[in-house]
**Q** 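Let me give you the structure first, and then I'll get to my questions.
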Amino acid sequence: MAGSDNSNDKPSTRVVNAGRRKEWTQGIVNPPVWRASTILYDSVEHLRETGRNDTHHRLYYGRRGTPTQWSLADALTELEPGAEGTFLYCSGVAAVNAALLSVLGPGDELLMVDSAYEPTAAFAAGFLARFGIATRYYDPLIGAGIADLITDKTRAIMLESPGSLTFEVQDIPAIVAAAKARRVTTILDNTWATPLLFPAIAAGIDLTVLACTKYVVGHSDVMLGSVTAAPGHFAKLRDVSFQLGQVAGPDDCWLGSRGLRTMAVRLKQHGESALRIARWLSARPEVAAVLHPALPGCPGHEHFVRDFRGASGLFSFALRDGEEASRAAFIDALRLFGIGFSWGGYESLAVTADPRRRLGVPDHGGALVRLQIGLEDSDDLIADLDQAFAAFRAARG
Ligand SMILES: Cc1ncc(COP(=O)(O)O)c(C=O)c1O
């Protein structure tokens, strides 16, 4: 029965039932879209009494949400064993930033992985710096060595694993252990793996962020983000998010819930096809390196094997001796891959990847291309990549 004890259910079962409490659904399979700004009260006393009590999961004012948002938030909490609660945001970037703001204050120091998503680093360099919060970057492969970077001012560590564009897999247990020893809060951007492939709260992470825009929504048509908190971290997250006026729209949350129900099967398909294509690319003479966490050549591959339940559908590769023009010729020649930002939707995408790093960008032997492998037949995708290599060779000369 939806809403009953699910603690023994497997993740793909939870993804189907999570958050479908009868209170939110009224017995309909999917929770309806409850749109609201004003909530009406029976009397002045009723209004006052509602405000005096905790408004969590109670209708109060539209900005505090409705059952449509609560259902998705509950579902994401249920997918993270040990989590206390989830807050939803209008984008992944808003979620990352709210998580950081819920922990950091003037004079604090943030340690951030050097392979973080560029807007995350930009928020640190811009907004956080302006409010007196200093950021230092660490090598994604630092592991237990992070202990040497922690000072009395360090309040949080911002992890993202695998890293954006270059896919280094971090030793999360070692970093979590070092952080806990110094009472430093860990925030993980877990968008690539989702809780299905890496349950972050169970691994000791304090705040785990998803750009739900990607795999949760799954159809490239909604912007949405979430932060799921370990016990002791949710109240502050919620408080700060309310103060920031954060609210994810009910229509977007409804689409997020709808996407979530098929996330396990989609991820399985994305993962299988992407790995097949990554292996195929590894054997191509035009390819200098494939940066896919499940392949041994990927930095931190051993952490992937130890900690992850599988891979999703996003990875990069380096075109041997490729430069700007030949890389563009390759991508332009693709028929089944769209050219565009984002990922996690049902359709394949290809983009140029030019990582900006503070500690130096490793040389992968050529210009990087990032692929999002969608749900098309992998035979067709391989045939498409094959014909695009002809365009690459012609342009490279
Ligand atoms: C790893 C990662 N985190 C966060 C985001 C931001 O999500 P959104 O585009 O929903 O703001 C992205 C977007 O590409 C991303 O790749």
Side-chain angles (χ1 to χ4, degrees), residues 72 76 86-101 112-124 126-127 140 158-170 172 186-198 200 205 207-228 241 244 246-249 251-253 255-256 259-260 263 267 270 274 291-293 300 304 308 311-316 338-345 347-357 368-374:
L72 177 59
L76 294 172
T86 297
F87 202 98
L88 300 171
Y89 302 86
C90 61
S91 70
V93 163
V96 169
N97 299 349
L100 289 166
L101 290 175
M112 185 180 297
V113 65
D114 201 29
S115 53
Y117 180 55
E118 193 52 36
T120 303
F123 183 70
F127 193 98
M158 180 75 223
L159 304 93
E160 184 182 320
S161 185
S164 272
L165 306 181
T166 42
F167 296 89
E168 300 90 344
V169 186
Q170 296 185 55
I172 293 179
T186 47
I187 306 171
L188 170 71
D189 185 331
N190 197 29
T191 302
W192 186 88
T194 83
L196 295 186
L197 303 179
F198 183 76
I205 292 289
L207 294 167
T208 176
V209 182
L210 296 180
C212 300
T213 310
K214 323 296 177 195
Y215 289 121
V216 172
V217 167
H219 293 72
S220 306
D221 49 8
V222 177
M223 303 297 298
L224 205 59
S226 67
V227 182
T228 299
S241 301
L244 290 169
Q246 289 288 356
V247 56
D251 291 271
D252 291 342
C253 291
L255 283 163
L260 185 68
M263 187 167 79
L267 273 178
H270 286 297
L291 303 172
H292 184 300
F304 173 81
F308 286 63
S312 64
L314 190 79
F315 66 95
S316 293
I339 303 170
F341 295 120
S342 204
W343 45 281
E347 82 295 7
S348 290
L349 295 169
V351 282
T352 55
D354 297 304
R356 275 186 274 158
R357 300 286 188 251
L368 290 179
V369 175
R370 190 188 73 178
L371 295 181
Q372 127 84 10
I373 303 301

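Sequential numbering from 1 along the given sequence is applied to the chain's residues. None of these values were measured; they are calculated from a predicted model. Each ligand, and each atom within it, is numbered from 1 in the order the structure gives. These values consider heavy atoms only, across backbone and side chains, with no hydrogens, waters or symmetry-generated copies.
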**Q** Using every non-hydrogen atom in the two residues, find where Met112 and Ala124 come nearest and quote the distance to one decimal.
**A**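 Closest approach of Met112 to Ala124: CE-CB, 3.7 Å.
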**Q** Starting from atom 8 (P) of ligand 1, locate the nearest protein heavy atom and write down its residue, its atom name and how far away it is, to 0.1 Å.
**A**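 Checking every protein heavy atom, the shortest distance to atom 8 (P) of ligand 1 gives Gly92 N, 3.4 Å.
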**Q** Out of curiosity, Phe167 CZ to Glu160 CD, how far, rounded to the nearest 0.5 Å?
**A**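 That separation rounds to 9.0 Å.
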**Q** For atom 7 (O) of ligand 1, what is the closest protein heavy atom, and at what distance to 0.1 Å?
**A**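 Minimum-distance protein heavy atom for atom 7 (O) of ligand 1 reads Ala211 CB, 3.2 Å.
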**Q** Establish, yes or no, whether a centroid distance under 6.0 Å links the rings of Tyr215 and Trp192.
**A**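 When the ring centroids of Tyr215 and Trp192 are compared, they turn out to be at least 6.0 Å apart.
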**Q** Looking at every heavy atom in both Thr86 and Ser226, which two are closest together, and how far apart are they?
**A**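 Heavy atoms only, the tightest pair is CG2-CB, 4.0 Å.
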**Q** Taking only heavy atoms of Val93, which atoms of ligand 1 are found under 4.0 Å from at least one of them?
**A**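 Listed by number with element, the hits are 6 (C), 7 (O), 8 (P), 11 (O).
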**Q** Distance under 4.0 Å to a non-hydrogen atom of Trp343: what atoms of ligand 1 satisfy this?
**A**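 Counting from 1, the qualifying ligand atoms are 14 (O), 16 (O).
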**Q** Determine, considering heavy atoms only, which of Thr191, Asp189, Thr213 sits nearest to atom 3 (N) of ligand 1.
**A**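 Looking at heavy atoms only, Asp189 sits closest to atom 3 (N) of ligand 1.
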**Q** Note the single closest protein heavy atom to atom 5 (C) of ligand 1, along with its residue, its atom name and the distance in Å.
**A** Tyr117 CE2, 3.3 Å
**Q** If we ignore hydrogens and angles and just use 3.5 Å, is the side chain of Thr166 paired with the main-chain N or O of Glu168 as donor and acceptor?
**A**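 Here the side-chain-to-backbone pair does not exist.
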**Q** Under 4.0 Å from a heavy atom of Glu160: which atoms of ligand 1 are those, numbered in the order shown and with their elements?
**A** 1 (C)
**Q** When you measure from atom 13 (C) of ligand 1 to every protein heavy atom, which one gives the shortest distance, and what is it?
**A** Lys214 NZ, 2.7 Å
**Q** If you round to the nearest 0.5 Å, how far is CG of Leu100 from CZ of Phe123?
**A**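 Rounded to the nearest 0.5 Å, the CZ-CG separation comes to 6.0 Å.
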